[in-house]
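Reading through the C-alpha cells given below for one structure.
Just so we're on the same page: letters track the sequence lines, and every chain starts at 1.
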Amino acid sequence: MAERYNHKEIENKWQKRWEDQDIYRTFEDPSKPEKYILEMFPYPSGELHMGHVRNYSIGDVVARYNRMNGYNVLHPIGYDAFGLPAENAAIARGIHPKEWTYSNIDSMRVQLKQLGLSYDWDREITTASPDYYKWGQWLFLKFYERGLAYRKKANVNWCPGCETVLANEQVEAGMCWRCGTVAEIRELEQWFFKITDYTERLLDDLKLLDGWPERVRIMQRNWIGRSEGALVDFQIRGSDKKITVFTTRPDTLFGATFFLLAPEHPMVNELIKGTEYEAGAVEFRQKVAGETEIDRISAEKEKNGFFTGVYVINPVNGEEIPVYLADYIMMGYGTGAVMAVPAHDQRDFEFAMKYGLPIRAVIQPSGEMLNPDMMAQAYEGEGVMVNSGPFDGTPQTEGVKRVTEYLEEKGVGEAAVNYRLRDWLISRQRYWGNPIPVVYCETCGIVPVKEEDLPVILPEDVGITGFGGSPLAKHESFVKTVCPICDEPARRETDTMDTFVDSSWYFLRYCSPREDKLPFTKEAVDYWMPVDQYIGGIEHAVLHLLYSRFFTKVLYDMGMVSSVEPFKNLLTQGMVLKDGVTMSKSKGNVVSPVSIIDMYGADTARLFILFASPPEKELEWSDRGVEGSYRFLNRVWRLVEDNKQLVAGTTAAIPGELGSAERDLRYIVHKTIKRVTGDIARFSFNTAISATMELVNAMYKYGEGAGRNPAVIKEAIENLVLLLAPFAPHLTEELWEGLGKEKSIHLHAWPKYDPELAKAEEVTLVVQVNGKVRDKITVAADISEEDMRRTALASEKVIANIGDKHVRNIFVVPGKLVNIVAK
RNA sequence: GCGAGGGUGGCGGAAUUGGCAGACGCGCUAGACUUAGGAUCUAGUAGGGCAACCUGUGGGGGUUCGAGUCCCCCCUCUCGCACCA
C-alpha cells in the first residue's frame, strides 16, 4: 500500500501551496532576532547552470535552518539584468535587449521556483527596471554632489570586443574579464567614482571582516596595494622644472645612477621637443603603445629603453643622471617616474647591464663587500648604508626614515604612501545599462539632471548594430534635451553606468524593495543590514565585493545606513566540474539542472550537490552520485511510508524502561540531531547528510526486530524528517503531512537533542601497546580511569604482546584509549 | 617570482582539541526476495599474507607514550597576483 515516491507530483504540489500560502514572505518584526541570508543574484542568461544550483541550494539550507531556529529570515532574489549579452543577442538574433532580458527572467524565475528555494518572491528586483535604476541614478547624483563622481580625461582600458571602456579591476592579465579580448589603452574623457577617497578605510576595515575567507581579504589587500615610501623631486638640468618619483627605498637614493620615465609620461613631450632625440622618443613611445598589455607586463621580457638627452639632478648629492624612457615603467603606478638604483633593484640592474649604465652599491650586507663589477644580480636584502655621504654606516631600515627626514628638511621630498588602487571608471559606451543622469550645456557645462526628473528613461526605440559606437549617441530625441539650469538646448550624456554599479547596492534595495521615495528606508536597512551570510563565487573577490564595500561606506557617510560593511560573513563556493573541468558548451560537458530536476527532482539535485563535496571546495559532478542521492530519498520515503500508520496512531509517551535496541536507537537519534545541528552551523552539509544516512541505516536495522516500540519509532521518524527539511524541502513536507501534521514542516522548530540521550552507554576501549592497537574492548561509557587501566592489562592479547617486557608507563585518555608502554 | 589552498582506498570524500585512518556515498563482490530485475533488502569491500600478523594518509627527517593532524626539508597539483618602483 505504500505509494511510490513521485517527485514530480510532490514538488509541483508543494511549490504551488507554498506560493498560495505565502509561507516565505518576510516582514520586519523588531521583536524577533533577524538574519539576512543572501546569495549573489544571477545574470539572467535564461538558463540556470549547476553553479547557480549550488549557490542557491547552500543559501536555502542556511535560510531554512535559521528560520526553523526562530530567526526572522530575509532571503531575497533578483536579477542583475543590465549588461552586454542582451545587446549581443539583439545583434545576433534581432531581439530587443529588453525583450530578451525579460523573457530570460521569466524562464529563470520558473527554474528557481522549481528548485523549491524559500525566497520571499514579493521582494524580487530587476536592475533593468526603471523603479530600480531610478535609484541608481539618484545615488549617482548624491555621489556627484559629494565630489565622488567626476569626469576626467585619462588613459583608460578599452575593450575592442565589447566596444567599451573597462575599469582596472575588470582587466585581468591584460584581457577583458568578460570576453577575453586584449585590452587597449585609449585616452578618453570618462566618468569615475572616487573610490580612492576610501582607500584607507577599505583597507583598514578588512580587519573587521573576520567572517570572510582569508584569501579574499588578501586579494583585496593586494589589489589596494598600499606601500610606504617617499616622494622625491628631481630637478631637470637647465630648467626650473622638476619630476617627482615615488620610491619605497629612499635609503638607496645615493645609488641612483639613472632615471626612468614611462613612455607616456606627460612631461616627455616638452622634454624632447625640438631636440635631436624627439623623433626617436616618439617612435619608441609608439612602439611601446603598439604592444599589448600582455607583452609589456611579461616579467621575462627584456627591458627596453630610449635615452632622451635630458639629465636630472639627484637632490641628495647633486649628481646629474641621464633620463631614459623605459617600457617597464607604468604610468598607472606611482608617478610614472622612477629613480633607478641598479645595485639594489633587479629590474634596474638588468636595464643598466643592457645599456651599459653605472652601478653603485649603497647598501652593504654584513660580512660581505659588494663589488658592482662582479655582481650577477641586484642585492635587494638588508644591510648598512655606504657611499651615501653623511648617512654612511646607518642601518638600512633606519636609513629609510633618516633620508626621508633629510628630504623634508631640504624641501625636496616627503614621506608618502602610494596605492595601487585607482578610481573606478564607470562609464560604458553601451546601450543596455543605466543612463548616467547628466546633461551637457554650452553655457552651464556639466549639469546633473534634477532629482524630480528621474529616472532618465532608457529609450527603447534604438538601433543596435554593434558598430559605430554607443546606440544611445545616435538616438536624437534622447540626446537632444534642455539644460536644467538655463533651459537652453543641451545634450544628454549617452554613456551608461558599469553594471557593477547596479550590483553595489541591490542588497540594500531588498530591505524595502517597493519604496518609492528613496532607494531604501533607513528603518528597513537598520533592521536587516548587514547581510549575515553572503554566498557566492570567488570570482567577485575584488570586483563586486570591493565596490559594494565602497558603496556601503559612502552611504554610511551620508547617514543612510548604519553599518560600515555590507557583508558580515562570506562563503565562497567552489566550482562545479565535470570530468575534472568546468562545465562549458565548448567542452560539451554541461549538465542542465532542468533535466536533472525532471528526472530526479529538485530535492535529489539539491541533496547531491550538498552531499558530494564541502561547499568551499570544487564539486565533481557524478551521474552515479545523483542516483545515489535519489536512492537515499526513496529509502527515506519508504521508511516513513511503511511506518506512517504506526506513527500517526501513536500517542503514548516513550516508556521509562526500554530494551537495549530501543535505547541504542534513541541514542543514535539524539546524536544525529546533535551532529546535524552542529554540521549545518559550520556549513559542513556533506557530513550533516551522511549523519542522516547513518540514522536511516540504523532505523532500517531496528525495524527488523520483533516487538518494536511505536513511540521510539515515532520519535526517530519525526526527527529524521525534520533534520532533512532544509535539504529536501518538498519530500519532507509531503512526509510531514502524511504523518498527520497540519502546519508546514518549514514553520516547525528545529529539533533539540537531549544531551543525556546523545551520550553512548557503551564505548569501545582501544588498547595500545607501545602505540599500536592490540585490542578493542567494549566497556561502559562512564568507566573510571582505574578500571580502564585494569581492563586493558587484563586483555589476553595485551598480555601476549607485552610478553616478558616490563610495563614502564600507562597513558589513559578517559573513555577512549589506553596506551601501555612496555620495554 | 610572490601569495593562498590542496595531495588520504578503484572514485567523491570523513576524521572539531595530537588518541580506532578510510564515516557516508559511488563502484565492486556475494547472498536473499523474485517470472525477471539495471528495483529492493542483507553482508563484505585500503593493500599484502588470506591465520596470528605486517604495511599504509605525496617523499624524507624530527618532536611525542601516541602524528593524516605539530615542526623542518623536498616533490607535486590548483587558484590568485604578477616589471608595484
Side-chain angles (χ1 to χ4, degrees), chain A residues 4 172-174 213-219 221-223 225-227 229 245-249 252 260 262 296-301 303 326-330 332-341 345-348 350-351 418-420 538-539 541-542 574-575 580 607-608 611-614 616-629 631-632 634-635 638 675 678-679 682 684 686-697 700-701 703-704 763-773 775-776 797 800 808-822:
Chain A
R4 223 184 99 250
E172 295 172 348
E214 175 75 9
R215 67 175 177 142
V216 176
R217 284 183 291 170
I218 290 171
M219 282 165 80
R221 192 178 305 127
N222 290 343
W223 184 262
R226 182 182 201 274
S227 51
V245 300
F246 173 76
T247 177
T248 54
R249 295 291 303 274
T252 62
L260 300 168
R296 197 168 159 188
I297 62 180
S298 157
E300 277 82 57
K301 187 177 157 274
K303 291 150 183 33
D327 58 358
Y328 71 98
I329 305 304
M330 305 291 147
Y333 186 81
T335 62
V338 166
M339 65 173 207
V341 184
D345 182 287
Q346 185 57 27
R347 297 158 300 174
D348 298 343
E350 286 166 26
F351 192 87
N418 188 59
Y419 298 94
R420 197 176 90 117
I538 186 78
E539 66 272 18
V542 172
M575 292 197 294
L607 191 81
F608 166 72
F611 177 63
S613 181
E616 305 240 22
K617 259 189 85 170
E618 290 175 341
L619 182 149
E620 174 69 28
W621 186 265
S622 155
D623 292 334
R624 298 273 204 187
V626 176
E627 283 171 31
S629 294
R631 227 168 2 234
F632 171 66
N634 270 286
R635 223 162 124 77
R638 285 193 304 271
R675 282 172 68 185
D679 283 353
R682 64 185 177 106
S684 184
N686 53 334
T687 54
I689 292 165
S690 82
T692 64
M693 288 173 170
E694 287 181 63
L695 174 59
V696 169
N697 291 344
Y700 267 85
K701 211 173 247 177
E704 284 173 0
V763 294
T764 304
L765 175 63
V766 175
V767 186
Q768 298 179 334
V769 177
N770 293 329
K772 290 194 171 174
V773 179
D775 203 1
K776 294 177 186 181
K797 288 179 186 168
R808 297 289 161 107
N809 210 344
I810 300 177
F811 291 86
V812 178
V813 183
K816 273 187 183 163
L817 174 142
V818 175
N819 187 14
I820 298 162
V821 183

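- For the pair A/Q346 CD and B/rG1 C1', the interatomic distance rounds to 11 Å; values are reported in whole Å.
- A/K797 places its NZ atom 8 Å from the P atom of B/rA52, with the value rounded to the nearest Å.
- Remark: the separation of the P atoms in B/rC84 and B/rC79 is 23 Å, to the nearest Å.
- Atom pair A/N222:CG and B/rG1:P shows a separation of 18 Å (rounding to whole Å applied).
- Nearer to the 5' terminus of RNA chain B, by closest-nucleotide assignment, is the contact made by A/N770 (compared with the other of A/N418 and A/N770).
- In this structure, a donor-acceptor pair under 3.5 Å is absent between the side chains of A/N222 and A/R420.
- Proximity of A/R675 to A/T687: side-chain heavy atoms (C-beta onward) are nowhere separated by under 4.5 Å.
- Between the P atoms of B/rG60 and B/rA67, the separation comes to 15 Å (whole Å).
- In this entry the distance linking CZ of A/F632 with P of B/rU40 reads 14 Å, nearest Å.
- Atom P of B/rU55 sits at a distance of 42 Å from the matching atom of B/rG38, rounded to the whole Å.
- Rounded to an integer number of Å, the gap from A/K772 NZ to B/rC54 C1' is 8 Å.
- A gap of 16 Å separates the P atoms of B/rA82 and B/rG3, to the nearest Å.
- Considering only heavy atoms from C-beta on, A/R215 comes within 4.5 Å of A/I538 through its side chain.
- One N or O on the side chain of A/N770 and one on the backbone of A/A822 form a donor-acceptor pair closer than 3.5 Å.
- Taking the C1' atom of each, B/rG68 and B/rG9 are spaced 14 Å apart, rounded to whole Å.
- Comparing the P positions of B/rC11 and B/rU57 gives a spacing of 16 Å, expressed to the nearest Å.
- Within 6.0 Å of the CZ atom in A/R635, the count of heavy atoms belonging to other residues, nucleotides or ligands exceeds 12.
- Rounded to an integer number of Å, the gap from A/N809 CG to B/rU64 P is 14 Å.
- The same atom, C1', is picked in B/rU69 and in B/rG19; the two are 11 Å apart, to the nearest Å.
- By the 4.5 Å heavy-atom criterion applied to side chains, A/T252 and A/M339 are counted as neighbours.
- B/rG9: no Watson-Crick or G-U partner with both key distances under 3.5 Å is found in any strand.
- Under the Watson-Crick or G-U wobble criterion, with both distances below 3.5 Å, B/rG80 is paired with B/rC2.
- Counting any heavy atom pair closer than 4.0 Å across all strands shown, A/R215 reaches sugar-phosphate atoms only and no base atom.
- Nucleotides B/rU8 and B/rA14 have their C1' atoms positioned 10 Å apart, rounded to a whole Å.
- Under 4.0 Å is where a charged nitrogen must lie from a carboxylate oxygen, and between A/E350 and A/R347 no such pair does.
- Smallest separation of non-hydrogen atoms from A/F608 and A/S629: CA-OG, 3.3 Å.
- Side-chain atoms of A/N418 never come within 3.5 Å of backbone atoms of A/S227 as a donor-acceptor pair (strictly under, hydrogens ignored).
- In a base pair of the Watson-Crick type (N1 to N3 plus N6-O4 or O6-N4) or a G-U wobble (N1-O2 and O6-N3), with each distance short of 3.5 Å, B/rU40 is matched with B/rA32.
- Cation-pi geometry between A/K303 and A/Y328 is satisfied (NZ or CZ under 6.0 Å from the ring centre, within 45° of the ring normal).
- In this structure, B/rG18 forms no base pair with any nucleotide, since neither Watson-Crick nor G-U wobble geometry is met with both distances under 3.5 Å.
- In this structure B/rG9 sits in the syn conformation; its chi angle is within 90° of 0.
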(message) Within the 4.0 Å limit for protein heavy atoms, which parts of nucleotides 11-24 of chain B are touched? Write it as a string from 5' to 3', B for base, S for sugar-phosphate only, - for none.
(response) -BSSS---BBS-BB
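- Whole-Å rounding puts the A/W223 CH2 to B/rG80 C1' distance at 12 Å.
- Residue A/A340 comes nearest to A/D348 through the heavy atom pair CA-OD2, 3.3 Å, listed as atom of the first residue, atom of the second, then distance.
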Polar-atom pairs under 3.5 Å, protein N or O versus N or O of nucleotides 26-32 of chain B: list them with distances, or write none.
| from | atom 1 | to | atom 2 | distance (Å) |
| --- | --- | --- | --- | --- |
| B/rC26 | OP1 | A/R631 | NE | 3.1 |
| B/rC26 | OP1 | A/R631 | NH2 | 2.8 |
| B/rG27 | OP2 | A/R631 | NH2 | 3.2 |

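- Applying the 4.0 Å criterion to OP1 and OP2 of B/rC81, one finds that A/R420 has every side-chain N and O outside that range.
- Following rounding to the nearest Å, A/R808 (CZ) and B/rG66 (C1') show an atom-to-atom distance of 18 Å.
- Across all strands shown, B/rC54 is found opposite B/rG47 as a Watson-Crick or G-U wobble partner, with both distances under 3.5 Å.
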